[in-house]
2 protein chains.
Amino acid sequence: MLGERPLEDISIEELATGAGISRPTFYFYFSSKDDVLLALLDQVISQVEHRVAALPRDFDVDPEAAWRRSIAVFVEVFTEHRAVSAAAITGRVRNAEVHDLWAKSMQTWVGYSTEVILAERARGAAPEGVDAGELATALNLMNERVLGAAFTGETPAIDHSHVLDVLSGIWIRSIYQ
Amino acid sequence: MLGERPLEDISIEELATGAGISRPTFYFYFSSKDDVLLALLDQVISQVEHRVAALPRDFDVDPEAAWRRSIAVFVEVFTEHRAVSAAAITGRVRNAEVHDLWAKSMQTWVGYSTEVILAERARGAAPEGVDAGELATALNLMNERVLGAAFTGETPAIDHSHVLDVLSGIWIRSIYQ
DNA sequence: CTACTGTATCGACACCGTGTTGATTAAACC
DNA sequence: GGTTTAATCAACACGGTGTCGATACAGTAG
């Protein structure tokens, strides 16, 4: 349903009857529409965390390829669950729990990016420059927004097939100059 | 009011009584809450257009300074009207007219950025690379998201005082390598 | 075979915000 | 003085949300 229209345009009545139950019964399982979204988002985020954790941390071998692989995880998982991802990104504003879950994950990813940038600077591969944490924040926010735009098919947006190229290009040039 | 809480949490009743009129009278002037937002956004965008148009196009003299000045216009105007900007960015999802107005402006800015990037490449100042239009799109979306995050004080976000530095740094490195 | 307990279900209700209608007043203009 | 036009709002209809209390239906202990 989220693939067709935003969560706001889906009534709990629809959700419930679609699941073969009545509206009050829906409330037996979830406390609100956003509670459903939260459960779905949680699964998507777990999948990202799982795949990120399994990534080799060999930035000293081929930095470009390593960054590209990391970004590819986000692109792939969020693309696979594009409807939920898009709904979460927009639902974040409305719902505190969705906001917090998303914010927590973003912080994890920003923290990870920051560490790698600092390590690359420490080994002399990347030059000093703006604060690594702020650079990582801007780049992660860019990824979020660019993917969101691609999912909802807005204009302007970047075609799905080029997203990974464009994003990793900007990351690498921003970090290594 | 938008500075305190999202538009969704403001009822038309509140808007109306705050303006000293009744709810039906509100509908005499606006067709919905989003219609008010649209009117406010229109003013902000006009201000940006006006200031961007007045910008010197001297990218051949000092490219870094020229980009920084352009980005500064967005940062300054949107910061000045941060509540409206933030509400528009989130309201875009809900309302087709807000979405269209914002999308139209984004396209204008992306178009302008693309032209400058192509000109810089043509004169040999910037290297060839990813599609200029897609690069411009990603960078403009980054600006939107980073400013939005700074306005709403989410985490992670970039401190207001550093936004211009971080953004223009990424733009320049992405474009000139 | 009861009586109890926890799970699951939903009809009916109360509430709130939205948008509309129709009547009313007040000013502006022949 | 009479007609149009702008402005106002009480009252209504509607739709979505969330709650409550009643009911059914296990499984389980006595």
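Both backbone and side-chain heavy atoms feed into the values below; hydrogens, waters and symmetry mates do not. Labels below follow one simple rule: chain letters A, B, ... track the order of the sequence lines, proteins then strands, and each chain is numbered from 1.
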Would you say a side-chain N or O of A:T25 is under 4.0 Å from OP1 or OP2 of C:dC10? yes
To the nearest angstrom, how far is B:F28 atom CZ from C:dG22 atom P? 17 Å
Using a 4.0 Å heavy-atom cut-off across all strands, classify A:F30 as base, sugar-phosphate, or nothing. nothing
Whole angstrom is fine here: how far is it from CG in B:L15 over to C1' in C:dG19? 15 Å
For the residue pair A:F78 and A:W102, does the interplanar ring angle fall in the parallel (under 30°), tilted (30 to 60°) or perpendicular (over 60°) class? tilted
Using 30° and 60° as the class boundaries, would you call the ring planes of A:W171 and A:W67 parallel, tilted or perpendicular? tilted
One thing to verify: whether A:E154 and A:R145 come together as a salt bridge, which I'm taking to mean a side-chain N less than 4.0 angstrom from a carboxylate O. yes
Salt-bridged, B:D58 to B:R69, with N to O below 4.0 Å? yes
N/O donor-acceptor pair under 3.5 Å between A:D35 side chain and A:S31 backbone: yes
Under the side chain to side chain donor-acceptor pair (under 3.5 Å) criterion, do B:S32 and B:D34 qualify, and how do the steps go? CA-CA 5 Å; B:S32 66; B:D34 289 329; 5.1 Å; no
At under 4.0 Å between heavy atoms, which parts of nucleotides 15-24 of chain D does protein reach? Answer with one letter per nucleotide, 5' to 3': B base, S sugar-phosphate only, - none. --BBB-----
Can you tell me the distance, in whole Å, between the CG atom of B:D9 and the P atom of C:dG17? 11 Å
